[in-house]
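Only this structure's heavy atoms are used, side chains among them; waters, hydrogens and symmetry mates stay out. Note that the structure is a prediction, hence the values are computed from the model and not measured. Atoms within each ligand, like the ligands themselves, are counted from 1 in listed order.
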Amino acid sequence: MSAAVATISVALGNRSYDVLIGAGLMADAPALIEARLGKARCGIVTDANVARRQLAPLEASLKAAGRHAGTEVLAPGEATKSFASLARLCERLLEMGLERGDLVIALGGGVIGDLVGLAASLVRRGLRFVQMPTTLLAQVDSSVGGKTGINMAQGKNLVGTFHQPSLVLADTDSLATLPARELRAGYVEAAKYGLLADAAYFAWLEQNVSAVLERNAAALTHAIAVAVQGKADVVARDETETGDRMLLNLGHTFGHALEAWAGYSDRLLHGEAVAIGICLAFRLSEELGLVGNNSMARVETHFAGIGLPTRIADIAGGPPPDAATLLKIMGQDKKVRGGKLTLILARGIGEAFISRDVDPSAVLDFLARQAGR
Ligand SMILES: NC(=O)c1ccc[n+]([C@@H]2O[C@H](COP(=O)([O-])OP(=O)(O)OC[C@H]3O[C@@H](n4cnc5c(N)ncnc54)[C@H](O)[C@@H]3O)[C@@H](O)[C@H]2O)c1
């Protein structure tokens with residue numbers, strides 16, 4: 001493993017862009033941006049946690065280059081992905097005088113990336129934006145692929161657009177200050193790529209998980225680069241999720257239901273919900289006779305070994321959800337088409353597929369048994 005910078009290209013015709021992954025990228029941000037996107041003025045948007053730790057050097061280097069248009073610091077947390085914050089942010093971007101051709105930099109985790117992407121897609125009918133993800137979840141997943149969104153009373157991410165970033169700079173050094181629980185939760189989205197389509201990568205993660213979670217730069221760079229390459233390939237084939245991109249939802253239909261039931265709170269982080277969701281998808285696949293060879297046990301051992309929840313009963317802080325409630329929430333998920341549940345199931349590690357033919361009553365029965373465990 002070398003600690004060199006990895007470059008992944010997301011091939012989307014005239015909206016193609018590079019994802020750079022490695023240590024020390026933040027310090028070079030103005031030059032890296034200029035080399036690819038020209039001498040644009042940049043407005044930075046971040047949250048208060050990230051601002052405290054990572055904002056000053058970026059702001060200083062943009063100011064030194066004469067390209068700083070302004071900085072907006074938002075409250076951290078999922079509640080920031082709201083219509084009210086979107087409206088305020090659009091106003092702030094206009095106040096910064098950003099014009100077509102200028103750039104918005106989203107410096108933060110998936111909350112900042114999703115909100116800033118949406119604002120950038122709307123202001124002046126579309127500003128370019130640069131993702132500078134500072135959580136592992138955002139580096140392996142949400143900063144790439146162009147999905148933007150905010151939450152509504154009816155559910156998460158229900159209002160949004162597809163707006164691809166013009167560049168992604170994933171500096172592994174920025175993960176140094178990320179709480180360990182957030183790092184582990186983000187790791188699940190990396191492991192997901194191995195589990196859905198790349199058995200060799202999952203085997204590599206099994207060998208190298210300690211180095212990744214100890215934030216070794218070379219291990220992180222490799223882990224992030226392979227996951228991003230996996231996502232880039234899927235997004236290039238199916239940008240707007242009409243087919244293959246749905247595979248990326250492995251563990252998410254169950255996971256989103258658990259997250260919604262837990263009230264999107266600290267009780268269960270997104271990645272933790274997805275860890276349980278992936279285990280449920282493999283367990284259901286095993287029950288349906290689709291997957292053999294102990295794949296389920298391997299997945300569960302891997303996640304449990306690093307302290308992630310793998311069962312509904314692992315959700316601390318109160319009684320478990322009942323199956324009917326979970327199924328009802330799953331029925332409201334965006335992955336429902338024509339009243340049928342779309343589940344991502346597996347035939348093995350690295351062999352996920354889209355299934356629309358599992359009977360909802362079988363899923364209810366399965367969840368009732370799982371929730372009781
Ligand atoms: N667009 C997509 O394709 C996509 C994919 C997956 C998830 N998401 C979205 O991403 C969001 C979750 O993202 P997240 O897990 O990054 O959450 P987040 O943005 O809320 O970040 C988690 C916490 O870590 C803090 N933080 C961020 N970087 C830090 C750092 N370097 N040091 C210290 N603290 C830091 C944040 O302030 C926050 O408190 C959800 O809203 C989800 O819907 C989007």
Side-chain angles (χ1 to χ4, degrees), residues 10 19 25-26 45-55 57-58 73-82 85-86 106-118 120-121 129 131-152 155-165 168 170-190 192-193 215 220 224 227-228 230-232 234-235 239-241 245-246 248-252 255-256 259-260 264-266 268-275 277 333-334:
V10 184
V19 182
L25 292 177
M26 193 90 84
V45 185
T46 189
D47 77 23
N49 288 337
V50 180
R52 224 172 14 254
R53 298 162 169 107
Q54 330 244 349
L55 176 62
L58 177 65
V73 180
L74 303 173
E78 193 65 38
T80 290
K81 275 175 56 173
S82 70
S85 340
L86 175 67
L107 175 70
V111 163
I112 290 298
D114 280 12
L115 176 72
V116 173
L118 179 54
S121 74
F129 82 116
Q131 290 269 21
M132 293 186 60
T134 63
T135 65
L136 185 55
L137 180 134
Q139 295 195 349
V140 294
D141 192 7
S142 63
S143 64
V144 178
K147 275 193 188 177
T148 80
I150 52 173
N151 305 324
M152 302 297 288
K156 241 186 116 178
N157 297 326
L158 289 181
V159 169
T161 54
F162 285 97
H163 185 54
Q164 299 292 341
V168 181
D171 186 342
T172 52
D173 287 346
S174 67
L175 302 177
T177 55
L178 191 68
R181 187 179 171 201
E182 294 284 354
L183 190 75
R184 267 199 314 270
Y187 175 83
V188 176
E189 298 284 2
K192 180 189 78 178
Y193 285 93
R215 305 170 211 231
L220 274 170
I224 297 163
V228 167
K231 183 156 187 181
V234 174
V235 168
E239 185 180 5
T240 54
E241 196 168 314
R245 189 165 176 174
M246 272 185 238
L248 303 183
N249 294 323
L250 174 65
H252 282 64
H256 279 160
E259 230 186 330
Y264 302 108
S265 64
D266 269 3
L268 191 65
L269 299 181
H270 174 73
E272 294 168 343
V274 173
D333 199 89
K334 290 196 291 322

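Of the protein's non-hydrogen atoms, K156 NZ, 3.7 Å is the one closest to atom 42 (C) of ligand 1. In terms of protein heavy atoms, atom 37 (O) of ligand 1 is closest to D47 OD2, 2.7 Å. Shortest contact from atom 5 (C) of ligand 1 to any protein heavy atom: S142 CB, 3.4 Å. Looking only at heavy atoms of the protein, atom 12 (C) of ligand 1 is closest to L137 CD2, 3.9 Å. Protein heavy atom at the shortest distance from atom 21 (O) of ligand 1 is T135 CG2, 3.7 Å. Protein heavy atom at the shortest distance from atom 9 (C) of ligand 1 is D114 OD2, 3.4 Å. The protein non-hydrogen atom at the shortest distance from atom 6 (C) of ligand 1 is D141 OD2, 3.6 Å. Here the protein heavy atom with the shortest distance to atom 39 (O) of ligand 1 is N49 ND2, 3.1 Å.
Contact annotation for K231 and ligand 1: only side-chain heavy atoms (C-beta onward) come within less than 4.0 Å of the ligand. When heavy-atom distances to ligand 1 are checked against a 4.0 Å cut-off, E182 comes that close only through its side chain, counted from C-beta outward. Neither the backbone nor the side chain of L175 has a heavy atom within less than 4.0 Å of ligand 1.
Residue G110 places at least one N or O, backbone or side chain, under 3.5 Å from an N or O of ligand 1. Residue E78 has at least one nitrogen or oxygen atom sitting less than 3.5 Å from a nitrogen or oxygen atom of ligand 1, judged on distance alone.
Relative to atom 29 (C) of ligand 1, the option among N151, L118, L178 with the closest non-hydrogen atom is L178. Among V111, T177, T134, V140, the residue whose heavy atom lies closest to atom 33 (C) of ligand 1 is T177. With P179, G145, G271 as candidates, the residue nearest to atom 34 (N) of ligand 1 on a non-hydrogen basis is P179. Proximity annotation for atom 41 (O) of ligand 1: of R53, R181, K81, K81 comes nearest, heavy atoms only.
Counting only N and O atoms by type, the side chains of T148 and S121 include no donor and acceptor under 3.5 Å apart. Residues N157 and K147 bring no donor and acceptor atom of their side chains to less than 3.5 Å of each other. A side-chain donor from one of H252 and E189 sits under 3.5 Å from a side-chain acceptor of the other. The closest side-chain donor-acceptor pair between E78 and H270, if any, does not fall under 3.5 angstrom.
Residue-ligand proximity: E189 is placed with every non-hydrogen atom at 4.0 Å or more from ligand 1. Ligand 1 has S174 within reach: a non-hydrogen atom of the residue lies less than 4.0 Å from it.
In this structure, the salt bridge (charged side-chain N to carboxylate O under 4.0 Å, His left out) partners of E239, at least two apart in sequence or on a different chain, are R15. The side-chain hydrogen bond (donor to acceptor under 3.5 Å, both in side chains) search around R215 returns none, not counting sequence neighbours.
The only option from L58, D171, V168 that meets the side-chain contact (heavy atoms from CB on, under 4.5 Å) definition with M132 turns out to be L58.
Counting the atoms of ligand 1 from 1 in the order shown, those under 4.0 Å from a heavy atom of Q54 are 30 (C), 31 (N). Every atom of ligand 1 with a heavy atom of P76 under 4.0 Å away is listed here by number and element: 37 (O). For ligand 1, the atoms closer than 4.0 angstrom to any heavy atom of V50 are 26 (N), 27 (C), 28 (N), 29 (C). With ligand atoms numbered from 1 in the order given, ligand 1 contributes 1 (N), 3 (O) to contacts under 4.0 Å with heavy atoms of K147.
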